[in-house]
K.L.:
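Take a look at the following structure, please.
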Protein chains: 2
Amino acid sequence: MPEPEKRATLADQVSEATTSRLSVYLRCLDQLAEAGVATVASNTLAARFGLNAAQIRKDLAHFGELGVRGVGYDVEKLRRHLREILGLDRTSRVGILGAGNLGLALADYSGFRDGFEVVAIFDTDPAKVGRRTRRGITVRHIYELRETVAREGIHIALIAVPATAAQDVVDLVVASGIKAILNFAPGALRVPPHVKLKSVDFTVSLETLSFFLASDRDGNQP
Amino acid sequence: MPEPEKRATLADQVSEATTSRLSVYLRCLDQLAEAGVATVASNTLAARFGLNAAQIRKDLAHFGELGVRGVGYDVEKLRRHLREILGLDRTSRVGILGAGNLGLALADYSGFRDGFEVVAIFDTDPAKVGRRTRRGITVRHIYELRETVAREGIHIALIAVPATAAQDVVDLVVASGIKAILNFAPGALRVPPHVKLKSVDFTVSLETLSFFLASDRDGNQP
DNA sequence: TAGATTGTTAATCGATTAACAATC
DNA sequence: TAGATTGTTAATCGATTAACAATC
């Protein structure tokens, strides 16, 4: 079947750097709301959280006139806007691939925003299939993936399998119709262009730290 | 006591972007070595792994003349060099803060390179202190942090506590003398300038995915 | 109206990529 | 020597920051 004609979406016009800052802004605003602040200027926000005021204004301006000149941004209104922009006003249903330590940790993770709900977890190990997480989600065999994705309306897959299995699992995830993947396995993965893949590779981050320790230790020019 | 005079280290001259690519290059070279390839040109490496040849050469050139003109890079020699540059020729001893799902997942994680060894895990929950991970590491109370860091020679801390506790825990970690921190908790953390902090905030990544799903769904200009 | 702060345009900065002289 | 490929300089690109006109 032919891909539907791809319209120009907001996501095409907004850089990845901007997008991830939107999440950060929302978290800052949550704190301000908690503290009872009603209105905030980009300057204040920047000073308070170590950001750049011009960047905040530019990032937000992508999405319309969200502030009021001479006044600033209404905290509650901006929070609502950001939640809507980030798609947090609807619940994204999440499936986890891999019921090892990491997969189970993610399934029980309590730090997810409203807007995300873990609804399924998959593995291939017969010893794991059928078990339940602490939250009461039953581990399914990955051969039930396609059907479960359709039935449960899963939007996002979290890849928590060993690096050696990751590409195969991602291929199955893509085949099941999922269009957004967050990968925790180290190494590069290939996905078709209509699928959005983000990777959080902490092994690379760890080796970056190791580099800093090493060059600190030696502390000399090349 | 006064901080020792800070010399200009390699880390000051090399961008973070370059540093994390070094890890990626090493992984690619591991694959080539596995496949029995002895020598590789930047062009070949780039084509094979979807990288840019000029960037590879520039990144590597920071660390001396690692290749041979007209020939390319000796795979084994470059691997050794990269391991040394990244500090993977010595073992970095790792302590984990937080013995919840994520902390235990990290403690049992099998994907760490040689060069990293998890030697301790800490929590404040009396119900957790004294238990052992599958790998046999005993969970210690965080009030033993300082002493354990000194005794075990811990170089790197992984923060796997809830966001609300993260800043307090990081302060203790810094006070214990650790200079490299990898943070898994969402939100910004403050550390003194001599400490290197990296954060892998998967909640921001997840919200970025949510944004793409949302703008895909709507698919219209602002 | 005067003061404040936005949205936006222009200037700066840094990182990526291309080009090429050096050299194996 | 001729061909290949590096290390490095120059050109391009994009992102960040500064400046300011619009406007509340």
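Each chain gets a letter, A, B and so on, in the order its sequence line appears, and its residues count up from 1.
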K.L.:
Is it true that the side chains of B:Arg90 and A:Ser210 contain a donor and an acceptor less than 3.5 Å apart?
P.N.:
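Not at all, the side chains of B:Arg90 and A:Ser210 share no donor-acceptor pair under 3.5 Å.
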
K.L.:
Yes or no on salt bridge (charged side-chain N to carboxylate O under 4.0 Å, His left out) for B:Asp89 and B:Arg83, after CA distance, side-chain angles and deciding distance?
P.N.:
CA-CA 6 Å; B:Asp89 53 336; B:Arg83 277 205 292 260; over 6 Å; no

K.L.:
Please produce a list of atom pairs where a protein N or O lies less than 3.5 Å from an N or O of nucleotides 1-4 of chain C.
P.N.:
none

K.L.:
Would you mind reading off the distance between A:Glu65 atom CD and C:dT5 atom P, rounded to a whole angstrom?
P.N.:
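Checked: the CD to P distance equals 17 Å.
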
K.L.:
Can you check whether B:Tyr73 has a side-chain N or O nearer than 4.0 Å to OP1 or OP2 of C:dC24?
P.N.:
no

K.L.:
Assess whether side-chain hydrogen bond (donor to acceptor under 3.5 Å, both in side chains) is satisfied between A:Thr203 and A:Asp201, documenting all intermediate values.
P.N.:
CA-CA 5 Å; A:Thr203 70; A:Asp201 189 336; 2.6 Å; yes

K.L.:
Looking at the rings of B:Phe202 and A:Tyr109, which for Trp means the six-membered one, are their centres under 6.0 Å apart?
P.N.:
yes

K.L.:
In whole angstroms, how far is the P atom of C:dG7 from the CG atom of A:Leu60?
P.N.:
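A:Leu60 atom CG is separated from C:dG7 atom P by 7 Å.
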
K.L.:
Could you go through A:Arg79 and A:Asp30, starting from their C-alpha distance and side-chain angles, then the distance that decides it, and tell me whether this counts as salt bridge (charged side-chain N to carboxylate O under 4.0 Å, His left out)?
P.N.:
CA-CA 7 Å; A:Arg79 283 176 81 204; A:Asp30 289 344; 2.8 Å; yes

K.L.:
Please lay out, stage by stage, how A:Gln55 and A:Asp59 fare under the test side-chain hydrogen bond (donor to acceptor under 3.5 Å, both in side chains).
P.N.:
CA-CA 6 Å; A:Gln55 190 166 68; A:Asp59 285 341; 5.3 Å; no

K.L.:
State whether a side-chain donor-acceptor pair under 3.5 Å links B:Ser205 with B:Thr208.
P.N.:
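Looking only at side-chain atoms, B:Thr208 and B:Ser205 do not form any donor-acceptor pair under 3.5 Å.
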
K.L.:
Take the protein atom CG of A:Asp74 and the nucleotide atom P of D:dC24, then report the distance between them rounded to whole Å.
P.N.:
16 Å

K.L.:
Give the rounded distance in Å between these two atoms: CG of A:Leu66 and C1' of C:dT5.
P.N.:
15 Å

K.L.:
If I compare all heavy atoms of A:Glu207 with all of B:Leu86, which pair ends up nearest, and what's the gap?
P.N.:
O-CD2, 3.8 Å

K.L.:
Using only side-chain N and O atoms of A:Ser42, determine if any of them is under 4.0 Å from OP1 or OP2 of C:dT5.
P.N.:
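For A:Ser42, the contact criterion (side-chain N or O under 4.0 Å from OP1 or OP2 of C:dT5) is not met.
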
K.L.:
Determine the contact category for A:Thr18: base if any of its heavy atoms lies under 4.0 Å from a base atom, sugar-phosphate if only primed atoms, P, OP1 or OP2 are that close, otherwise nothing.
P.N.:
nothing

K.L.:
What's the NZ-P distance between B:Lys77 and D:dT6, to the nearest Å?
P.N.:
13 Å

K.L.:
Using atom NE2 of A:His81 as one end and atom P of C:dG7 as the other, report the distance to the nearest whole Å.
P.N.:
11 Å

K.L.:
Please work out which residues in residues 50-59 of chain A have a non-hydrogen atom less than 4.0 Å from an atom of DNA chain D and list them by number.
P.N.:
A:Asn52, A:Ala54, A:Gln55, A:Arg57, A:Lys58

K.L.:
Between B:Thr18 and B:Ser15, does the side-chain hydrogen bond (donor to acceptor under 3.5 Å, both in side chains) criterion hold? Intermediate values first, please.
P.N.:
CA-CA 5 Å; B:Thr18 293; B:Ser15 81; 3.3 Å; yes

K.L.:
Give the rounded distance in Å between these two atoms: NE2 of B:His62 and C1' of C:dA15.
P.N.:
11 Å

K.L.:
List DNA chain D stems (3 or more consecutive Watson-Crick/G-U pairs, under 3.5 Å)?
P.N.:
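Runs of three or more consecutive pairs: C:3-24 with D:3-24.
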
K.L.:
Quick one: does A:Arg93's side chain have a donor or acceptor within less than 3.5 Å of a partner on A:Val118's backbone?
P.N.:
no

K.L.:
Name the orientation class of the two ring planes belonging to A:Phe112 and A:Phe116 (parallel below 30°, tilted from 30 to 60°, perpendicular beyond 60°).
P.N.:
tilted

